[in-house]
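Because the structure is predicted, anything quoted here is derived from the model rather than measured.
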Amino acid sequence: QVQLDESGGGLVQAGGSLRLSCAASGLTFSRYAWGWFRQAPGKEREFVAAVGWSGAATYYADSVKGRFTISTDNAKNTAYLQMNTLKPEDTAVYYCAARGQGESYRDPRSYDYWGQGTQVTVSS
């Protein structure tokens, strides 16, 4: 049974930092590409960041480029999202996801497995 467990969310002031973790089990971590998405109340789920199968290529939404960093640790079966210089508009539930063979790193439909989400709230 595949399980993705996110952690690290919370309440932070604008300008602060958080690091989200996504611990995976029940799959071969290194065979998947990984992504982070977020969903704010009343809005659709949106792409935040992704890393390719090799772990070398990374991709970011324009809104987070230069502030967020995605990474993976194959030895720990864990994906991370380091979030710096947080803004109130970053407030959302953040989800990690595993992509097996889907082609589009931006499209949620390309992802096979999802975590339960972790709340990030940025106060002004």
- Query: What's the verdict on side-chain contact (heavy atoms from CB on, under 4.5 Å) for Leu20 and Met83, showing C-alpha distance, side-chain angles and the deciding distance?
  - Reply: CA-CA 8 Å; Leu20 305 184; Met83 306 186 295; 3.8 Å; yes
key: Stepwise side-chain contact (heavy atoms from CB on, under 4.5 Å) test for Arg19 and Tyr80   = CA-CA 7 Å; Arg19 188 176 81 155; Tyr80 301 97; 3.7 Å; yes
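Side-chain contact between Gln39 and Pro108 is absent, with no heavy-atom pair separated by less than 4.5 Å. Leu86 has its side chain within reach of Phe68: a pair of non-hydrogen atoms, C-beta onward, lies under 4.5 Å apart.
For Thr69 (side chain) and Gln82 (main-chain N/O), no donor-acceptor pair under 3.5 Å exists by modelled atom type. A distance-only check finds a donor-acceptor pair linking the side chain of Arg67 to the backbone of Ser63 [under 3.5 Å]. Panel note: side chain Ser110, backbone Gly102; no donor-acceptor pair is recorded below 3.5 Å.
A cation-pi contact links Arg99 to Tyr111, judged by a cut-off of 6.0 Å to the six-membered ring centre and 45° from its axis.
Criterion: ILVMFWY side-chain heavy atoms under 4.5 Å apart, direct or through other members. Under it, Val51 and Val64 are part of a common hydrophobic cluster. Note: the hydrophobic cluster containing Leu81 does not contain Trp53 (ILVMFWY, side chain heavy atoms under 4.5 Å, direct or indirect links). Tyr60 and Trp34 fall within a single hydrophobic cluster, where Ile, Leu, Val, Met, Phe, Trp and Tyr are joined by side-chain heavy atoms under 4.5 Å apart, directly or via other members. By the criterion of side-chain heavy atoms lying less than 4.5 angstrom apart, applied directly or through intervening Ile, Leu, Val, Met, Phe, Trp or Tyr residues, Tyr105 is grouped together with Tyr95 in one hydrophobic cluster. The same ILVMFWY cluster, assembled from side-chain heavy atoms under 4.5 Å apart, contains both Tyr113 and Ile70.
Ring-centre distance between Phe47 and Tyr59: not below the 6.0 Å cut-off.
Through ILVMFWY side-chain contacts below 4.5 Å, Leu11 is grouped with nothing and stands alone.
The two residues Asp73 and Phe29 have their closest heavy-atom pair at O-CE2, 4.1 Å.
In summary, of the residues considered (Gln119, Glu6, Arg38, Gln116), a side-chain contact (heavy atoms from CB on, under 4.5 Å) with Val93 occurs for Gln119 alone.
Salt-bridge check for Asp62 with Lys65: passed, with a basic side-chain N closer than 4.0 Å to an acidic carboxylate O.
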